[in-house]
Amino acid sequence: MTYKSDFLNVLEARGFIHQGTNLEALDARASKEIITAYIGFDATAPSLHAGSLIPITMLYWLQQTGHKPIALMGGGTTKVGDPSGKDESRKMLTDADIDENLKGIQKVFDNFLTFGDGPTDAIMANNDDWLSKLGYVEFLRDYGVHFTINRMLTFDSVKLRLERESAMTFLEFNYMLMQAYDFLELQRRYGCTLQMGGSDQWGNIVNGVELCRRVAAAAGDDTEQVFGLTTPLLTTASGKKMGKTEKGAVWLDGSMTSPYEYWQYWRNTEDADVGLMLRRFTTLPLDEISRLEALQGAEINEAKKILANAATAFLHGKDAAESAAKTAMETFEKGGAAGDLPTYNATAAKLAEGLPLFDPFKETGLITSNGEARRHIKAGALKVNDEARKDESPLGTDDIRDGQIKLSIGKKKHALVKVG
């Protein structure tokens with residue numbers, strides 16, 4: 001579909017549009033004026049992970065096409081927990097945990113958005129500023145009247161629990177009311193007219209759109225329109241969830257997932273996903289992406305390197321991307337052991353005693369269990385200093401090369417034991 005506005009044309013071309021409440025009217029408005037839009041991010045961990053890049057990048061393109069993004073921190077909604085797509089309740093976090101998580105999450109957005117006081121400069125808000133001040137009785141009286149239990153029971157976040165006979169607390173049931181109220185509050189404070197999110201948020205977003213409309217109508221104002229827009233949830237060609245690896249989440253905080261590990265995540269993209277990942281997670285021109293995704297055979301590896309470089313530079317900067325690429329080249333193509341690899345620190349005295357072979361492999365994330373390590377030994381894939389290990393004999397001082405020991409699983413996964 002072709003749109004009038006640069007904003008929706010870019011999202012469509014890069015595969016971000018799943019459904020919207022009134023895309024034609026949204027397109028008309030975005031083509032002639034600045035729109036303000038928001039996406040919410042709950043503070044359930046110290047960092048966002050690669051799966052969060054989809055909404056973050058939507059905000060990026062919103063700003064790049066001349067509009068105003070709001071990154072809404074869920075300081076208030078995190079206290080309740082979003083039931084969307086979950087089989088069970090989230091672990092409840094303390095206020096101190098949430099505040100600490102928010103500090104880590106907020107840093108990421110500086111890499112993607114420009115904040116300030118200009119007409120298209122981004123805003124960072126926190127829904128705890130209003131949700132924690134709401135009086136419960138007043139909230140129910142003023143806004144509960146706009147929601148029906150009948151309608152709420154039809155949303156996927158509720159139906160999933162009911163169908164699987166999993167408990168859903170009344171606390172979680174209130175989450176959709178709180179998210180809807182966020183939209184109303186952001187409309188009042190900042191003139192926000194668009195809420196975006198993943199397709200699993202469709203029910204919550206529709207609730208927000210309807211609440212804004214009903215409150216306006218009750219006040220005799222039916223001129224202001226608000227909109228909802230969702231993006232497809234992303235899984236890889238093999239069905240894996242975006243942002244997950246065998247080691248766990250791929251974090252956007254460089255202290256939790258190093259730039260090198262982040263680069264490697266994108267370098268290991270499945271062949272069938274290269275074009276999709278380039279469109280969603282880089283700013284490369286679309287004609288260049290079309291050329292890259294058409295490569296076949298061994299040439300697709302060059303496209304994967306370009307993807308890894310571009311995605312890493314987008315988050316961590318050009319220098320970090322170049323360093324990660326250099327490390328990969330030295331490790332894979334030259335057989336070396338570059339310094340950006342995951343590391344395990346050991347003393348010479350410990351190695352003299354004998355360091356259990358599997359310990360550094362597990363600690364650096366190359367393996368997850370002793371059983372897995374034994375399978376790699378049997379297959380000849382577990383290597384020390386590029387030589388296959390034939391048994392479980394411990395690492396010792398004889399394994400040290402230039403103050404370190406190189407560990408490998410196959411050809412692509414490497415780490416170092418640093419000896420000090």
Side-chain angles (χ1 to χ4, degrees), residues 10 12-16 50-51 53-54 57 231-247 250 257-316 318-338 340-342 365-367 372 375-383 385-388 406-415:
V10 168
E12 174 75 10
R14 292 184 174 268
F16 283 104
L53 283 172
I54 296 177
T57 308
T231 187
L233 294 182
L234 181 59
T235 55
T236 64
S238 62
K240 293 181 180 179
K241 190 174 182 180
M242 173 67 193
K244 299 286 186 180
T245 68
E246 293 178 2
K247 291 172 60 177
V250 179
T257 295
S258 71
Y260 170 76
E261 292 172 304
Y262 190 78
W263 190 95
Q264 276 294 106
Y265 171 74
W266 296 104
R267 171 62 180 83
N268 292 329
T269 294
E270 297 175 45
D271 291 359
D273 290 328
V274 169
L276 183 150
M277 299 299 183
L278 283 165
R279 285 186 180 84
R280 296 276 185 89
F281 305 114
T282 79
T283 61
L284 292 176
L286 292 171
D287 56 352
E288 173 67 1
I289 292 173
S290 295
R291 183 189 72 80
L292 291 170
E293 69 177 335
L295 296 176
Q296 300 293 322
E299 288 185 329
I300 197 68
N301 290 322
E302 292 306 309
K304 292 181 182 181
K305 292 177 185 177
I306 292 172
L307 167 62
N309 288 340
T312 304
F314 200 17
L315 173 62
H316 292 296
K318 184 178 178 181
D319 290 346
E322 290 177 350
S323 176
K326 180 181 178 182
T327 296
M329 183 182 70
E330 291 177 355
T331 302
F332 302 139
E333 299 177 13
K334 298 183 179 179
D340 286 346
L341 295 174
L366 296 185
I367 61 172
E372 180 188 351
R375 289 192 293 274
H376 286 309
I377 288 177
K378 188 175 181 180
L382 188 149
K383 300 177 182 180
N385 295 325
D386 296 319
E387 293 186 6
K406 182 182 177 183
L407 310 177
S408 305
I409 295 292
K411 297 180 178 180
K412 293 185 177 181
K413 297 173 69 175
H414 306 273

**Q** Which atoms form the tightest heavy-atom contact between Ala311 and Tyr262, and what is the distance?
**A**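 Distance-wise, the nearest heavy atoms are O-CE2, 3.7 Å.
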**Q** Carefully, step by step, assess Asp271 and Lys304 under the rule side chain to side chain contact (heavy atoms under 4.5 Å, CB included).
**A** CA-CA 8 Å; Asp271 291 359; Lys304 292 181 182 181; 2.5 Å; yes
**Q** Where do Phe281 and Phe314 come nearest, in terms of heavy atoms and distance?
**A**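 What the structure gives for the nearest pair is O-CD2, 3.6 Å.
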**Q** Side chain to side chain contact (heavy atoms under 4.5 Å, CB included) with Thr231: which residues, sequence neighbours excluded?
**A** Phe16, Ile54, Met58
**Q** If you compare all heavy atoms of Pro232 against all heavy atoms of Arg280, which two are closest, and at what distance to 0.1 Å?
**A** CG-NH2, 4.0 Å
**Q** Let me confirm one number: the OG1-CD1 distance from Thr283 to Ile289, rounded to the nearest 0.5 Å.
**A** 8.5 Å
**Q** Can you name the residues that form a side chain to side chain contact (heavy atoms under 4.5 Å, CB included) with Asp273, not counting sequence neighbours?
**A** Thr236, Ala237, Thr269, Glu270, Met277
**Q** Looking at CG of Asn301 and CZ of Arg267, how far apart are the two atoms once the value is rounded to the nearest 0.5 Å?
**A** 4.5 Å
**Q** Hey, are the side chains of Tyr260 and Pro342 touching, using non-hydrogen atoms and a 4.5 Å cut-off?
**A** yes
**Q** Rounded to the nearest 0.5 Å, what separates atom CD in Gln264 from atom OG in Ser258?
**A**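 Spacing of CD (Gln264) from OG (Ser258) equals 9.5 Å.
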**Q** Quick one: are Arg279 and Ser290 in side-chain contact, heavy atoms under 4.5 Å?
**A** yes
**Q** Working to the nearest 0.5 Å, report the span between OG1 of Thr312 and OH of Tyr265.
**A**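 Separation between the atoms: 11.5 Å.
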**Q** To the nearest 0.5 Å, what is the distance between CG (Leu341) and NZ (Lys413)?
**A** 13.0 Å
**Q** For a 4.5 angstrom cut-off between non-hydrogen side-chain atoms, does Lys318 reach Asn309?
**A** no
**Q** Can you give me the closest heavy-atom contact between Ala313 and Ala321, atom names plus distance?
**A**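 Smallest heavy-atom distance, with atoms named: N-CB, 3.7 Å.
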**Q** Set out, in order, the CA-CA distance, both residues' side-chain angles and the distance that settles salt bridge (charged side-chain N to carboxylate O under 4.0 Å, His left out) for Glu302 and Lys305, then state yes or no.
**A** CA-CA 5 Å; Glu302 292 306 309; Lys305 292 177 185 177; 3.5 Å; yes
**Q** Taking side chain to side chain contact (heavy atoms under 4.5 Å, CB included) as the definition, give me every residue that meets it alongside Ala310, ordered by chain and number, with sequence neighbours left out.
**A**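 Ala310: side chain to side chain contact (heavy atoms under 4.5 Å, CB included) contacts with Thr282, Leu284.
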**Q** When you compare the side chain of Glu261 with that of Val250, does any pair of heavy atoms fall below 4.5 Å?
**A** no
**Q** Begin with the C-alpha distance, continue with both residues' side-chain angles, and end with the deciding distance and a verdict on side chain to side chain contact (heavy atoms under 4.5 Å, CB included) for His414 and Leu366.
**A** CA-CA 7 Å; His414 306 273; Leu366 296 185; 5.7 Å; no
**Q** Any heavy-atom pair between the side chains of Leu276 and Glu293 that's under 4.5 Å?
**A** no
**Q** Can you tell me how far the CD1 atom of Ile409 sits from the CD1 atom of Ile377, to the nearest 0.5 Å?
**A**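 Here the rounded value is 8.5 Å.
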**Q** Got a salt bridge between Arg291 and Glu288, using NZ or NE/NH1/NH2 to carboxylate O under 4.0 Å?
**A**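 Here Arg291 pairs with Glu288 in a salt bridge, since their nearest N and O are under 4.0 Å apart.
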**Q** Quick one: closest heavy-atom pair of Ala388 and Gly380, and the distance?
**A** CB-O, 3.7 Å
**Q** Check Pro259 against Ala324 and note the closest heavy-atom contact, atom names and distance.
**A** O-CB, 4.0 Å
**Q** Any donor and acceptor pair, going by atom type alone, linking the side chain of Thr327 with main-chain N or O of Ser323 inside 3.5 Å?
**A** yes
